[in-house]
Participant: 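Before I ask anything, let me first share the structure, which is written out below as structure tokens.
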Amino acid sequence: MNNLLRILFLLIFGIAVFACTPKLFIESEQIKVCNLQQEDTVLSAFISPYKAEMDQQMNVKIAESKHDFLVARPGSNLMNWMADAVFVNQTKNKRLSLPVFCLLNTGGIRSSIGVGDVKLQDLFKVMPFDNTLVWVKLPMNTLKKIETYINSSGGEPISNAIVENGTLIIQGFEKEYDFFWIITSNYLSNGGDNMSFFDDAIETIETKQLIRDVLIEEAQIQKVLQNDSKSRIR
Amino acid sequence: MKRRSFLKKFALTSTGLVLTDIALASSNHWNKKREKLIILHTNDTHSNIEAFPDNHSKYPGMGGISKRYALIQKIRSEESHVLLLDSGDIFQGTPYFNTFNGVLEMKCMTKLGYDASTMGNHDFDIGMDGFLEAKKHADFPFLCANYDFSKTILKDATQRFKIFDKGFIKVGVFGIGVELNGLVPRTAYGDTVYNDPISIANATATELKNLGCDLVICLSHLGFEYKSTNKVSDMTLAENSKNIDIILGGHTHTFLDEPVVKRNMSNKNVLINQVGWAGIQLGRIDIDLKKAFIGKQNVVIR
Ligand SMILES: [Zn+2]
């Protein structure tokens with residue numbers, strides 16, 4: 001029993017108004033599946049050739065991590081790392097004539113990264129979806145809608161921008177502009193996660209680059225994942 | 001330690017917390033046999049075939065389908081009436097999915113002996129053709145009552161409900177899916193029509209009761225609760241439902257410490273449960289009628 005962290009509760013069904021009303025006796029437990037339990041050896045043996053095939057493809061070291069990279073609203077190191085990797089990759093050697101920032105979605109980061117070797121499979125876990133990067137050109141008044149979205153969601157990964165006291169500020173562009181670009185995923189630009197402000201798009205450029213491939217490339221360049229844990233939503 | 005404090009809490013609160021005259025009131029078989037129905041359930045397993053690594057920051061060493069199987073087998077060896085159910089999002093989350101396109105998940109769930117599942121939004125991630133291809137390896141039904149697949153390639157691939165005869169009790173199980181628009185790319189769900197969850201759930205549950213089911217279980221991928229929006233959730237479904245006894249939920253990856261109880265439209269109680277994600281927990285609900293007729297005693301603690 002003590003190898004299961006048991007949570008029990010008892011409920012009695014039925015108001016005893018009539019003597020013959022049956023009461024349903026319900027007991028429930030959320031059983032934790034943990035290391036203290038045995039594996040089923042037959043099933044493990046069945047899985048092992050699949051694991052071997054997968055590992056052959058996925059167990060390749062691509063970088064190192066000196067911190068736990070986590071997802072936490074309003075902002076965290078993994079959210080920053082991912083948005084930065086995308087932003088740096090996409091703006092490398094480009095002359096930017098309009099404000100640009102990167103916006104991804106917190107819900108799209110599907111795993112954390114632990115301390116130690118960062119393997120290909122870790123980035124597959126972080127970004128399992130085959131989403132691609134797109135550049136979306138939007139009118140400046142759409143910025144308000146994005147602010148509203150981020151303020152109500154509680155935080156999304158952003159790079160080259162901060163949200164301060166509810167106001168979104170794109171960094172590095174002093175004068176006033178009529179338009180700006182967002183680098184984002186095709187999932188979001190197509191209305192995923194209810195980011196309906198992308199309906200305002202004036203122009204969309206499909207890069208056809210998988211977000212995951214970009215993360216892998218940038219992780220390889222960094223060698224040790226760059227850690228910035230300061231939230232950009234303040 | 002934990003258990004004791006928990007029982008105490010319930011002992012204190014249970015005068016106010018009276019659960020329902022669940023449908024079983026109508027069932028006479030209950031007092032004849034003294035048996036139990038064990039409902040085991042998962043949700044949002046997300047391709048987690050292996051346990052989390054030991055250096056994982058949040059769930060070191062937790063989960064793993066092989067350990068889950070051993071646990072289930074042990075329970076099956078102890079109990080004669082077990083139902084094993086899943087509330088969707090079987091796909092997506094580990095490289096197993098990217099490498100084998102969901103086939104391994106289906107094969108493993110078949111080996112574990114799942115009785116039924118419903119579809120989550122991520123089960124559309126490789127399109128309906130990808131799902132159909134993987135499903136060839138599933139020897140259990142997918143229950144979807146509010147997705148109308150009639151104009152799609154999934155038209156014969158799912159069913160609205162299934163009735164299980166578990167010895168002395170007839171259990172009706174059906175599935176309710178989340179709105180796909182805004183969550184799943186249009187290209188992935190194609191001509192699937194999403195129908196209103198609450199009205200479909202009530203109609204299906206009533207149909208199941210009329211078919212003689214003693215217990216009606218809804219496998220839901222709606223999500224547990226949305227505080228800031230009026231999006232339909234398991235909590236709102238429960239409140240607006242009739243004839244559903246238990247909602248086994250998913251989608252929001254909610255780790256409930258214990259099932260939640262809600263009053264429905266007929267002032268009966270509905271039990272809602274959800275066990276997080278990734279196979280970290282296995283939900284277990286025992287329905288036991290050993291103490292079915294206990295007169296006016298309101299509290300049973302053993
Ligand atoms: Zn999920």
Side-chain angles (χ1 to χ4, degrees), chain A residues 4-16 19-35 37-44 46-47 50-51 53-54 57-58 68 70 110-112 114-116 120-121 124-125 128-130 152 186-187 190-194 196, chain B residues 2-3 6 10 14 18-22 24-25 30 49 55-58 61-64 66-71 73 92-100 104 111 182 185 228 257-259 275 279-301:
Chain A
L4 308 173
L5 222 152
R6 286 203 143 202
I7 298 167
L8 278 172
F9 94 133
L10 307 174
L11 297 171
I12 308 113
F13 270 60
I15 307 167
C20 61
T21 303
K23 284 167 206 59
L24 184 56
F25 183 82
I26 288 195
E27 201 176 14
S28 115
E29 176 183 0
Q30 322 286 51
I31 308 170
K32 286 208 162 62
V33 181
C34 64
N35 259 350
Q37 283 143 14
Q38 298 281 312
E39 290 192 353
D40 178 81
T41 50
V42 178
L43 189 68
S44 297
F46 170 77
I47 293 166
Y50 288 91
K51 181 173 164 51
E53 188 182 333
M54 184 190 72
Q57 297 174 32
M58 298 284 176
D68 280 326
L70 306 173
R110 305 302 283 196
S111 179
S112 52
V115 175
L120 193 54
Q121 61 173 326
F124 264 88
K125 286 178 191 167
F129 312 112
D130 293 336
S152 84
N186 64 340
Y187 168 72
N190 288 322
D193 269 10
N194 297 307
S196 54
Chain B
K2 200 140 195 159
R3 177 179 176 183
F6 209 71
F10 264 90
S14 54
V18 186
L19 291 197
T20 177
D21 12 65
I22 216 174
L24 303 156
W30 280 99
I49 304 290
N55 70 345
H56 193 271
S57 54
K58 254 181 159 169
M62 300 201 65
S66 190
K67 280 182 269 180
R68 193 195 326 157
Y69 185 35
L71 209 53
Q73 278 181 311
Q92 194 69 270
T94 74
Y96 279 104
F97 178 64
N98 307 85
T99 312
F100 304 110
L104 185 59
K111 286 194 183 286
S228 53
D257 290 335
E258 65 205 37
V275 286
I280 288 166
Q281 292 184 351
L282 176 71
R284 174 175 176 158
I285 297 171
D286 292 18
I287 299 180
D288 186 341
L289 266 225
K290 275 178 196 149
K291 310 214 172 170
F293 296 92
I294 51 164
K296 285 180 179 157
Q297 230 179 300
N298 238 350
V299 182
V300 181
I301 289 177

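All values below were derived from every heavy atom in this structure, side-chain atoms included, with hydrogens, water molecules and symmetry-related copies excluded. Just so we're on the same page: letters track the sequence lines, and every chain starts at 1.
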Participant: Between B:Gly61 and B:Lys67, what is the shortest heavy-atom contact and its length?
Facilitator: O-NZ, 3.1 Å
Participant: Is there a donor-acceptor pair closer than 3.5 Å between any side-chain N or O of A:Glu27 and the backbone N or O of B:Arg284?
Facilitator: no
Participant: Checking heavy atoms, do the side chain of B:Tyr96, its backbone, both or neither come under 4.5 Å from chain A?
Facilitator: both
Participant: With only heavy atoms counted, which part of A:Leu120 is less than 4.5 Å from chain B, the side chain, the backbone, both or neither?
Facilitator: neither
Participant: Name the option with the most non-hydrogen atom pairs under 4.5 Å to chain B; the candidates are A:Asn190, A:Asp130, A:Ile47.
Facilitator: A:Ile47
Participant: Measure from NZ or CZ of B:Lys111 to the centre of the six-membered ring of A:Phe46, then state whether that distance is under 6.0 Å and the direction lies within 45° of the axis.
Facilitator: yes
Participant: How long is the gap from CZ on B:Phe100 to OG1 on B:Thr94, to the nearest 0.5 Å?
Facilitator: 10.0 Å
Participant: Under 4.5 Å, counting heavy-atom pairs only, tell me which of B:Gly182, B:Gly64, B:Gly279 racks up the most with chain A.
Facilitator: B:Gly182
Participant: At a 4.5 Å cut-off on heavy atoms, which part of A:Met54 comes close to chain B: side chain, backbone, both, or neither?
Facilitator: both
Participant: Could you give the distance from CD (B:Glu258) to CD (A:Gln30), rounded to the nearest 0.5 Å?
Facilitator: 8.5 Å
Participant: Measuring from atom OG of B:Ser66 to atom CG of A:Leu43, what distance do you get when rounded to the nearest 0.5 angstrom?
Facilitator: 4.5 Å
Participant: To the closest 0.5 Å, what do you measure between NZ (A:Lys125) and CG (B:Asn98)?
Facilitator: 11.0 Å
Participant: Using non-hydrogen atoms only, which part of B:Leu282 is less than 4.5 Å away from chain A: side chain, backbone, both, or neither?
Facilitator: both
Participant: Check whether A:Gln121 gets within reach of chain B through its side chain, its backbone, both or neither, counting any heavy atom under 4.5 Å.
Facilitator: both
Participant: Looking at B:Gly283, B:Pro185, B:Gly63, which makes the most heavy-atom pairs under 4.5 Å with chain A?
Facilitator: B:Gly63
Participant: Quick check on A:Tyr50 against chain B: is it the side chain, the backbone, both or neither that has a heavy atom closer than 4.5 Å?
Facilitator: both
